[in-house]
Structure formats: C-alpha cells, structure tokens
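The structure appears below as structure tokens.
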Amino acid sequence: MARCWPGTILFSSKAPRKLVFLFTLSLSVTYLFYSLLNCYSSLQFPLQDASDFLQPEAAISPTDIIRSASLKPDTISRSFPSLPASRNRQPAPARTAERNIHTSSSSISVPQSNTTRTNNSTKQLSPEQPGIGVTITKESDLEISTDPTTAGPTISQLAIRTSRNVKSPHVPPATQTYHHPSASSLQSDPSFHSDNSNTDPLLGFPSSPNLNTGDSDADLLLPPTIVEKVDVEKSWAQAAVGHSVPSSVEKSSTSNRIPINSIAEKSSTSNRIPINSIAEKFSTSNRIPINSIAETFSTSNRIPINSIAEKSSTLDSDPIQATAGEISTLDNDPIHSTKGEISTLDSDPIQAVAGEISTLDSDTIHSAGEKVSTATDKRSASNSATLTFLLQTTSTSESESITDQQNTSRIPSRPAVQSSAFSANDQSEDSHVPRSEKANSKSYSSLTFDRKFGGGEGTSVSSSSPVLLGPSAVESHSGYYTFPREFGKSESAQLPITETTYGKAEDYKQEDPTKTWEATSSSAETLGSPDLEGDEAYKSMRGLSYWDRTPLAATEMIPESHTGALEKDTQESSTAEEELNRIFPVNCTPEYGEKKLPQAIIIGVKKGGTRALLEALRAHPDVRAVGVEPHFFDRNYEKGLEWYRDLMPRTIDGQITMEKTPSYFVTNEAPQRIHSMAKDTKLIVVVRNPVTRAISDYTQTLSKKPEIPTFEVLAFKNRTLGLIDASWSALRIGIYALHLESWMQYFPLSQILFVSGERLISNPAEELAKVQDFLGLRRIITEKHFYFNKTKGFPCLKKPEDTGAPRCLGKSKGRTHPKIDPDVIQRLRKFYKPFNSMFYQMTGEDFQWEKEELES
Ligand SMILES: Nc1ncnc2c1ncn2[C@@H]1O[C@H](COP(=O)(O)OS(=O)(=O)O)[C@@H](OP(=O)(O)O)[C@H]1O
C-alpha cells in the first residue's frame, strides 16, 4: 500500500524539501477541490426532489384550474372552497380508489373527507364554508403572500399533488378514459399511474378533482400560508386553453424530472419551486395565448374570491350581487344589487324613477338606483301572493305588447334538424398522429371524433378546422377521450382530440377594462306578451293566463322573505297593484297540494330558449313550475333546501315540480348540489348554436347597457391575431362540452335531456314530445298548442281548443340582434367547431349547427 502512495517515493528518494512542500500543497488543493465538488453534488438532491414535484405538472387539468379559482387582471383571487359532504351519491367503486400516482419525493394521501388542513390541524368544514382563499395581486408575476415567514408548497405543487394523489370524493360513476398519444411516455413512466377514470374530455388529462367545487380534498394540501411566485397568467392560459400537455412531459417524460439546471438556475432553495421558469417552459412549448386566456377567464370570473366562497357565485354570477349580501333579483342588473336591499316584486315600473328601481320590467330598470322599491312596501302579503301568481301565469301590461317586435321574422328557414345521427364517416388519420409529429406543425389543427358506441357499431364524425384563429398556430395536441353513453353500459365513445394553441403571453394585451361591466346572470325574462293576432282576445280577456295550466294556490306565492333572492324572470312589465288585485284576486285559487323540491330542472343554457320550454311545459296539467328563476344552486344555496322548497308551487299526486335557472349549467357547484338534493333529478339543457347564443347574450346586455363595446371588440383578445377572448362569458358559456363534463361527474347522460333551441323554434311540438317523454309525462302538449306568430317571429302557445288567446313570450325574447361583422361570425364558428363536435360526441346527438351555418 505504501508503495502506491507517491509520497512514499518522494520521501524515500530524499527529494528536496521544496519538492515535498509543493507536493503537499498540490495534495491540499486537490483535496479541497474534491470537497467542494462533493458539496456541490449533495446540493443537487433537493433540487432533484423538487423536480420530481415539478414534472407532474403534466397531470394538472386546466379545467381544474379554471374551476378552482377566479382571476382578475388586477386583483386575482383564488379560492378552494370545500363542498358539502356528498350525500346520496351512488358509490362509484372504480373511482373511489385513491389515485395512487407516485411521486418520487412525496406521496400525499388525501383523506376522503370534507376537511381542510390549516396550521397542521384538520377541521371539518360546514357545507358552504369557504376553504382557504388566497388573494393574488397580479402584476406580471404574482406574489401570493399571506405570510412571508412560511414557505409552503407552491400553487404548482399543490396542483400537482391534487392531480396526482387524491381520493376523489365525487368520482363519476362513468368511466372516462383518455388516451393521449403523447401520454404514452407518461404511461411508461412508473410515476404516472392514471386510473384513466378522472379525465377531462376537453383537455385530455387526468383531471384533478374540481377545486372550486370542493370535489377534491385539495384543501388538505393547501398550507396555511403560501409564499409563492406564480405566473398566473400563464397557468391560467393553460387552464383556459384547456390543454396543458406540458413541456415537462415532453422534456422528461421518461425520467420524470425537469432538467436540473433549469431549476437550479432559477431557484435558490429547494422549497420554492421556480414557478416562473416552469411557466415559461409551458408557455414556450405550448405556445398558449397566455395573457388572453388568462385574462379572459378572469373576466368571466370577476368575482372577488370571498364572494365566491360565500355566495358560490359563478362565472354567471353578478359580482355586485355577490357582495351585496342579499341577492335580489327580479332583475339581473348588477347595479341594482349593490345596495343589498333589493326587492323584487314591485309591479309598477312606471313609478320607478331614477334611484328607485322597480323590477318587473327588466328592460326598464337599468337606471342604477339608490334603492329599490319593494313589494313589501307596497302590498300586503296576500297582494304579494297575487302578484306572484301573476308572475307565474301571465302579464297584463300594455307595455307587453309586442308591436315593437314585428320587424323580423325569426323563424329559421333551415329544415328540421335531423336527430342524433352522425353522417360523416371520415375518420381523420390526423387524430392518430403522435403529438411529437404534430408539434412542429404550423397548420391549424383538426379535431376528429371516432365514435364507437355499442362495441364499435355506429358512425363516426370528423371535422377538420382551426380551433383557435390566428396566424400563429404552432402546436397541436391530440388524444382520445372515451366515455360511456350511459351508466352501466359498456358502450363508449372514443374521442381523439387535436387542438391548436397560439402565441405567447407577451403577445397579448392586458385585460380590457371595458369588459368589467359584464354581468352574466341569466336575463330577466318576460312572460306573456300578448301577440298581435290575439290582441283583441287579449284585451277582452285581459288578466287571464293564455297558457293552459293548473291554477296556482294563493299560498304558493313566493314569500316576501324570498323575493329578495329571486331572479326576475317572468315579467318585463307589470301592472298596477289594483289591477293585479282585480285580475287575480287573492283567493282565486284554493290551497291544496304539497310543496316539493323539483324533480326536474332546466339547468341551461342561458339564451337557449329555456323560458319558451318552461312555459310550454307549464301548459301541461301535470307540470307545476315556479315562474321565477330561483338561482338556488348558484346564488342562494346557503338559504337551505327548505327555503328552496318553499318557493315551489304546490303539487298534487301525479304532478311534477320544476324550475329553470339557466346559469346552473355553468355553475361549478351546481352538479354536486343538485345531486345532493336528489340524485335522480332530471336535468334539461336547452342548447343553441353557441355563436347565436353569444350574440343573443350580448344583445340582452346591450339592451340594458347601450354603452358597452361592440360585440366584435369584446369577442377578441386580439383581433389582428385572431385571438378569441374565450373568457368573455358570452363566449365561454357556449363551450358546452366544458360545462357538460362537470355534470357528467354526477349524472348519467340518461338523466340529462338536451333540447335543441333551434328546433324549439322550428318544431316546438316535436321537442316538447321529447321532453314529455323524458319527464314521464303524457304527451299532452302537441302541435295543437302552438302556432307561429309572424309578427313575433316565434311560435306562440294557444289553447288547443282555440278558446283562449294565444300567448307569446315577451319583448325580452326575440330581440333583434345587432348586425355582427360576418368575418367575426366566421371566426367564432371556427372557434366553436371542435367544441361543438366534442359536445355532439358527448351527448350522442348532432345538433347540426355547422350545417345550419353552411345554409345561412
Ligand atoms: N317561442 C319562443 N318565443 C320567444 N323566444 C323563443 C321562443 N323559442 C325559443 N326562443 C328563444 O329563446 C331565447 C331566449 O332564451 P332563454 O329564454 O333561455 O333566455 S334566458 O336565459 O332565460 O334569458 C330567445 O333568444 P333571442 O331571440 O336572442 O332573444 C329566442 O330565440
């Protein structure tokens, strides 16, 4: 051994002392060098661990992010409210298993309970207790800071943990499988074990439970304090675009690690993940129009987080109402709610002056008021009840005349839409192209559905179109989404998806402040404009309901205590109190029956034709429906089921109770809540071409706020680049597939009926037949009940025996739409096309909007 040591030779050879000194010195230097090297190596471990944490960003579902937070450009709030424990839910064994996705550095198991962890303690949350909210003030990069002394996991980490390792308390009974070509590497990655059952149809990623809805126990993972640097815009962009096939997957799909240097460069501590660097990578590789999407989604969610937590507001919620503390709302105008003292049954809009809003006419109450006159001020409870009767049955005001509506014929010229068969059969090969081959594609993506219902039998449809518009399509994502047609059936549809994303964050302008006016709640609605053809009869029979229906009990009027929370829905104009009393004496109907929670709900979509459907149904003797929109599952949930029940009309045996609130469809919490109420609730969604729906939505807002920017301006984030502002609620609501996915988490498709808004106009009897079948009703509403009113441009109801005057919806339905630039229409059609296709695929029904567009 001694010989091996060079020093022995040196000493034995009696080398000069100088040489010995130099040798010793070089040894010391060498030793020092190796020591330093070792030290450096050891420093790498924490970073590697961090990288393990980071890499699985691949598993973050953008929809989770969308639904988990609310962003504003200046004040971005993020909340993780918890949900009430799911009751009555069907056990879903396939989905209740913990999503056992391994993380090399940390494996977090989330108890399947309704808890959140704060300060190392676990507490039970009450049903609507907000979870931990983090307020984020956004600049370019965001500093989320609630307590700078404590560094907890980053948002990114939390999302990762959530998506990776969660016992989802609400797992869809359905099996949803997403096969993403580019995910093959993930699947080969031992750290990624998706159960294939919690996927997002839009995004194609295993989706973490919905943070916002409390479906997940993500709260458990949220530390009491967070010090974080987050590029929120970028992460939101991913969320918004809906496909965060992340760069990290590409870059380290097998190693499950983000290159160390990227982390080491950007982060000095292992505990603080360099979100920015990750975000950059995402944005670079995915080229998502980050700003635009982030902002757009934030636009639709312009609700302070605390409001959301408290009020369960949604994208369709009125921010001001949410803060007012007392939501009123025969009218949706947010201004009216600011005072928190809005009541709603005031029937005398004529007397409403600036500053005093009365509200039976949503179109007349736009003057922002200091206070709102109230039903309680003006009438007794019994009168109020009478008025409610009015709300539920008819309108009597002259101002309801539809003479101002006679310009255009609204009936579409298109032929009756075929029912749900797909006709195309050209399966696109494109959908099977691995993502890697698509990555460099500069072309627009295509979206292809390979529909294989019933064990491969069936048809398929494919389409090829730009997903987003603009000159800079740079990348596509593709994948498959498989879902069952119905619970308990093996048949499924497989949905290959390719999508295109655009641009970089910097390319997009900041949030347009002009959009803050947006109040997206469902419109105030009108019942009972007498049509011109029936005008004489109307005058002679004024006050009578033209809709054949069962009488209402006086006691089923909405209690005054409730009126402050109701959406004005039925009347756009009203009648003087005395007249109401004359027309509908308080004791005109006996009290009988029982108030029941609704067995069927029209949950959407706003401007789809929901009022027309409900009113037609109310002509059925076995249907009793509340005339106003209760907004229970989105805005008034904290009032409790008894409050809700009390709103309902009385029913006798054999009658079903219904309500309609179109904003439910886009309310994250609604599916779970309705499921909790009764898992067998039947749901009806009236859908309409999303482009037309958006214009209709805009038209309604414009009618109240003429000063808003043009549709063309609002529709784009950057028109030159062709960047659609998908976060504008008018546009976002139309991404039906996105919203439907939430409902499919709780309800089988067999429990959801999709009604074509177009066919409801072109062939109402046919749609009503479907609806009656779905509700288990006798087919009593038939073509004999409808006639087409040329002046109104819509079908109107009449008594089948022709004994009563016909009845059309009022002036808030069928407004003349403003003329929109055809190029913008075209762009929007292209934007929606893949989402529509996905929706057709999910529902198994082709609504033929594209065909209609071609014909128009
Ligand atoms: N029979 C009949 N009469 C009048 N209007 C009809 C009818 N059937 C469907 N429609 C379409 O309904 C659209 C309004 O939809 P909603 O009732 O769902 O609107 S709301 O969300 O409740 O405000 C409304 O949209 P606009 O035309 O844009 O006003 C109508 O197109």
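Side chains are part of it too, since the values below use all heavy atoms of this structure and drop only hydrogens, waters and symmetry mates. Order of appearance sets the numbers: ligands from 1, and atoms from 1 within every ligand.
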Which of the ligand 1 atoms, numbered from 1, are nearer than 4.0 Å to a heavy atom of [X]:
X	answer
K813	4 (C), 5 (N), 14 (C), 16 (P), 17 (O), 19 (O), 20 (S), 22 (O), 23 (O), 29 (O)
R815	29 (O)
K660	22 (O)
I761	8 (N), 9 (C), 31 (O)
K606	21 (O)
H817	26 (P), 27 (O), 28 (O)
V605	18 (O)
E629	22 (O)

Aromatic centroids of [Y] and [X] separated by under 6.0 Å:
X	Y	result
F788	F794	no
Y736	F754	no
F711	W728	yes
F839	F847	yes
W743	Y664	no

Is it true that the side chains of [X] and [Y] contain a donor and an acceptor less than 3.5 Å apart?
X	Y	answer
T657	Q655	no
Y840	E850	yes
N789	Y787	yes

Would you check the N or O atoms of [X], main chain and side chain alike, for any that come under 3.5 Å of an N or O of ligand 1?
X	answer
K792	no
F794	no
A612	no
G814	yes
P795	yes

- Out of S762, S696, C808, indicate the one that has the non-hydrogen atom closest to atom 28 (O) of ligand 1.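 Selected option, by shortest heavy-atom distance: S696.
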
- Query: Is E758 salt-bridged to K851, going by a charged N under 4.0 Å from an acidic O?
  - Reply: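 Salt bridge absent between E758 and K851.
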
- Task: Check the pair K833 / N836 against side chain to side chain donor-acceptor pair (under 3.5 Å), numbers first and verdict last.
- Result: CA-CA 5 Å; K833 189 171 182 181; N836 291 344; over 6 Å; no

- Query: Does ligand 1 have an atom that lies less than 4.0 angstrom from a heavy atom of R688?
  - Reply: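 The answer is yes: ligand 1 sits under 4.0 Å from a heavy atom of R688.
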
- Region of T610 that comes within reach of ligand 1 [heavy atoms, distance under 4.0 Å]: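 For T610, backbone and side-chain atoms both sit under 4.0 Å from ligand 1.
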
